[in-house]
Every structure is written in structure tokens, then in C-alpha cells.
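Residue numbers start from 1 in every chain, and the chains themselves are labelled A, B, ... in the order their sequence lines are given, proteins ahead of strands.
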Amino acid sequence: MLSIKQLRNDIESVAKALSRRNFSFDIKELTDLENRRKRNQVKTQELQNLRNTQSKSIGKAKAAGEDIKPLLEAVTNLGDELESAKSELQEIQTKIDDIALSMPNIPHESVPNGDCEDDNVEVSKWGEPGIYDFEVKDHVDLGEMHGLDFETAAKIAGARFSVMTGKMARLHRALTQFMLDQHSEKNGYIEAYVPYLVNSESLTGTGQLPKFEADLFKTHLHGEEGEAKTLYLTPTGEVPITNMMRDTIVNEKDLPLKFVGHTPSFRSEAGAYGRDTRGLIRQHQFEKVELVQVVKAQDSYAALEVLTSHAEGILQALELPYRKVNLCTGDLGFSAAKTYDLEVWLPGQDTYREISSCSCFEDFQARRLQLRYKNKETNKPELLHTLNGSGLAVGRTLVAVLENHQQADGSIKIPAVLQSYMGGLDVIN
RNA sequence: GGAGGGAUGGCAGAGCGGCUGAAUGCACUGGUCUUGAAAACCAGCAAGGAUUAAUCUCCUUCCAGGGUUCAAAUCCCUGUCCCUCCA
């Protein structure tokens, strides 16, 4: 959510900034609502003040043993008047909130203009796509040789799920363990285990709700009277991990906060029908190792560079060629002010594919989360900045390892850093 | 499955219709003292919002949502979460 003060005082420049990402809104509607809000709020507060002072004087009169009847009469209609003023104010406020909640974050100045992913700007490149003196297979063909099984998954659950057995399952687990160890032991993150089902408050905090409910899996916890409580399958570890800090005032000396967690992610992939139907690229259920940082405002863009480098470290250790792109305004996620995507080279597709998305949200999430620290100098709570990134998406990393480290006979070389996690194995055949 | 107890400021924890936005302790900030530190003492210290150039002032908030009342942290109902005991 953007600052309500900014929306009041500087709506023109907000509109201008958001137009960069092709988002527009009715300025007049908002300013009209805002003017009404102001009038109503002042009026409501005056009435409340009146009621409070009257009630106090009744209390005093009663304590002094005076007759309070005339005082009571003076207050007769106050309640109704106050009630209607309040509900009118509430109605206006709700409308303003709805608009504010539907507005995306303002892109950072370093974010390039653009309409879609084709306009993203390559920042750097690491490694060279391998040269293969045989016809490369894609991960689906390779996977089927070693225990990746989509047909069985379809029987159990449906399309866009996977089953892995044997060495393939082990490799998947090895990748997860390696990533968790690297981030917690070398990069200074605290490991976190978190719920995979989350409530709507959490999803609102990180920005998935109210706008993107269609992308989520929804569950119902049935109460005794048939009253259902809604929980959602987490669409990314970002949600539970960031929400650990919702509604807190963090101790300044504990900053920055850095957490790493391994979670499954569940996406309904509504609107993605027909896209990436083959293989592990776009699944309803997949694993991620997620990095989350909470930092002071002035540190957030430096932290974005460092967090991104932590994700890059995994790719480098696994000897996977990749490039880093700066997402353009048209491809930027709703809550993000700036995002780097890491795209890994996939020889089977002869292209780079996203494997990690590292974003700085500035105070957009923190405002919804009420995530703050007390600034010693001003002695006031200030919003913190949040960041997160996948470090990495495990399923896609598995794809990249299979395709990049394949050999002519379809066997897979295991990168050195993974071998200890594979019981010493250096090749899957 | 049954029976109770609880949720209050950064933390712990009083308060149980009006003088309570909230005692007390800890933490934190400033000061006195000290060569310096510690201790001791003194002072300050919840959040959000309206208004304002700023101060002032005002409003809201004691888990959440309803209700009773002129007046609710306090009474009633519903929900959520935590804890204890019995089977």
C-alpha cells in the first residue's frame, strides 16, 4: 500500500509514477472522496468530543450528589447523530481503502520502462551456455529416464503435478538441503520453518490479497456450526516468512533481519492454461528456498544487490550459466518497487528461463504489515523496508541441473557441491 | 470427550463501570554523581489518526466483531488464539 499522506498531498506525481506501469486511476474520484472524508472526520470527532465531555460532567455531577436529569436530557439525541456520522465516515473510508489497496507500488527510478518481459534489461551474465556434441534432451525426457513421472502424478492429482522417485527425488532433496545450508551457514540467514497454510491477513500483508485471489488455492476449516474459516495454501514462502514480523516494532539492534525458509508453493496458475504445460516449469505445487530481509529504508537497495548475489551464488556453485535482468515497469510485480530476475540457461529449450526473482518492496509491504522499528534519533516508529528472493526455485533448479549437466548417454553429472548430499554419487545413470 | 483460566504499552504485569491512555517493575532515552564506567538518584518514554507552518488541542485504540449505558479495559453475546485440569 502506498502512503495515504502521499495520496492526499501529491496525487499528481503518484499518478504520473504509476502511469509508467500502465496503471491509471480516477484522480477526481479519489480527491472527492478525500474531501468528503475530511469534512466527515472533523464533524465526527467534534461530536465524539462533545459526548465525552458531557459524559464526564455527568459523572462529576453524580459524584457530587447533584441532580443529573437535565444533563441526561441534553445528551438525548447525541448518540444517534454520532452513530450516523460514524457510519458515513466508515463508508467513505472503506472506499478510499479499497482504492488504495488496489494500487501497485511505485517503480524505482532505476526500473526501465516497458510493456512486457521482452523489454526487460539484461544487467549481467555469468557462464557460457555449454557446447554439446550430441543432440540435447530436455528435462522431461531426461527426467523420465531417472524417475521423474508426470503420468503417475496426473493419476494422483491431475495435470501440473509431479512425482519423483529414486535418484531424482534424492537430487531434488539434495538441492534443497544445499541451498538451505549455504544461506544459513555462509550468508547469515536464520533458518525458519513456517506454516504452509496462511490466513487472509497474511496475504493482505504481503500484497497477494485482495487483488490476486484467483491465483490461490483456498481451503476451509469447518467449525461446529458449519462456519468455515478460510485458509490459503501459501503461494510463496515470502508470505509466511515475511508475516512472521507483521505488527511488530523491531529492536533496532536486531536489524537487518534475514530469514531463509524452505517451503512448498501452491499456485492455481489461473490464466496460464496452455503455457509451459510440458514438464516442471509451471506446476501447481513446487518447492522454493526463500530469502527474506527486513532492513532500514536507507539500506534497502544495497540489500537488494546483496540478496540477489546470494541467489546467484547458488547458480554459480551448481555451475549453471545464467543472466540477471532488471524487470521493466510492465513486468514488475504488484508489490515490488524493483526486481531482478535471474534466468538460468536451459539447453533443452535453447533459452534463458526465470529461476529466481529478487525484489525490493520499499515500505509497500511494511505499511500493510505495520512492520516498524523505533528510530533512536526521532524516537518515532518508522516503517522498515522488506525484500525477498528465491534462492532458488528448487524444481526449476532441478530442471537446469538435468539439462546443463546431461551427457550423451542421458546420464547426469552431479555438481561437486551436491555430491556429499547425494551420498558421494557423482553421476546419475 | 468434559471442566475451568486467560489475552492490557518494547517486555512482564496491576486495574474489573466515570477522577484510568492505563499503577508497578524491567528495558530504553536524557541528566546528576564519577577521572571513566557500574551502582544510586532525578526526569522522560504506547500506537494510529485529525487539525496546524509548528506548538497547542482533539479523536481512536486495553485480542477481534457485535451489544448494554449518558459513560466500557471494566458488564453481556459471538469468534480467534493461548494455557491448566479431568477422562
Using only atom types and a distance under 3.5 Å, with no angle test, would you say the side chain of A:Arg21 pairs donor to acceptor with the backbone of A:Leu332?
yes

Residue from A:Thr386, A:Thr206, A:Asn105 passing side chain to side chain donor-acceptor pair (under 3.5 Å) with A:Gln365
A:Thr386

For the pair A:Arg368 (side chain) and A:Thr204 (backbone), establish whether a donor and an acceptor sit closer than 3.5 Å, ignoring hydrogens and angles.
yes

Interatomic distance at P, B:C82 relative to B:G30, whole Å
39 Å

A:Ile4 or A:Thr44: which one's nearest nucleotide on RNA chain B is closer to the 5' end?
A:Ile4

At less than 4.0 Å, is any side-chain N or O atom of A:Arg372 found next to OP1 or OP2 of B:G10? Yes or no.
no

When you compare B:G21 with B:G15, how far apart are their C1' atoms, in angstrom units rounded to a whole number?
13 Å

Here the distance between atom C1' of B:G10 and atom CD1 of A:Ile249, to the nearest Å, is 7 Å

Determine the contact category for A:Arg367: base if any of its heavy atoms lies under 4.0 Å from a base atom, sugar-phosphate if only primed atoms, P, OP1 or OP2 are that close, otherwise nothing.
nothing

Whole-Å distance between B:U51 P and A:Asn35 CG?
11 Å

Between A:Lys5 (NZ) and B:G48 (P), how many Å, whole number?
9 Å

Using the C1' atom as the point on both nucleotides, what is the distance between B:A7 and B:C16, in whole Å?
15 Å

Applying the Watson-Crick and G-U criteria (both distances under 3.5 angstrom) with [ ] for crossing and | for other-strand pairs, one obtains for RNA chain B ((((((((.[[[..)..(.....]]].(((((.......))))).(((((......))))).[[[[[..)....]]]]]))))))).

When you compare B:A14 with B:G5, how far apart are their P atoms, in angstrom units rounded to a whole number?
16 Å

Any donor-acceptor pair under 3.5 Å linking the side chain of A:Arg367 with the backbone of A:Leu383?
no

For B:C59 and A:Asn49 - does any side-chain N or O of the residue sit under 4.0 Å from the phosphate oxygens OP1/OP2?
yes

Look at all strands and tell whether A:Arg39 reaches a base, only sugar-phosphate, or nothing, counting heavy atoms closer than 4.0 Å.
nothing

Can you tell me how far C1' in B:A73 sits from the matching atom in B:A23, rounded to whole Å?
14 Å

Using a distance-only test with no angle check, is there a side-chain donor-acceptor pair under 3.5 angstrom linking A:Asn199 and A:Ser202?
yes

In whole Å, I'd like the distance from the CE atom of A:Met1 to the C1' atom of B:G48.
12 Å

Just wondering, do A:Val292 and A:Tyr189 contact through their side chains at under 4.5 Å, heavy atoms?
no

For nucleotides B:G65 and B:C81, find the distance between their C1' atoms and express it as a whole number of Å.
15 Å

Counting side-chain heavy atoms from C-beta on, which of B:U51, B:A47, B:C59 comes nearest to A:Lys38?
B:U51

Among the nucleotides B:C58, B:A47, B:U60, whichever has the atom closest to the side chain of A:Gln45 is B:C58

Are side-chain N/O atoms of A:Thr236 and A:Lys288 paired as donor and acceptor at under 3.5 Å?
yes

Tell me: CG of A:Leu371 to C1' of B:G10, nearest whole Å?
14 Å

Can you tell me, in whole Å, how much space there is between the P of B:U69 and that of B:G49?
33 Å

Is the closest side-chain heavy-atom distance between A:Leu175 and A:Glu287 below 4.5 Å?
no

Spacing between A:Met245 atom CE and B:G10 atom C1', to the nearest angstrom
17 Å

No-hydrogen, no-angle side-chain donor-acceptor test under 3.5 Å, A:Ser110 and A:Lys338
yes

By ring-ring contact (aromatic ring centres under 6.0 Å, His included), A:Phe364 pairs with (sequence neighbours left out) A:Phe334

Once each nucleotide of nucleotides 62-76 of chain B is scored for protein heavy atoms under 4.0 Å, what B/S/- sequence comes out, 5' to 3'?
--------BS-----

Please state the C1' separation for the pair B:G36 and B:G44 - nearest whole angstrom.
25 Å

Side-chain contact, heavy-atom cut-off 4.5 Å: A:Val194 with A:Phe259?
no

Report the distance from atom CD of A:Glu382 to atom P of B:G48, rounded to the nearest whole Å.
11 Å

Tell me the interatomic distance from A:Lys86, atom NZ, to B:C59, atom P, rounded to whole angstroms.
13 Å

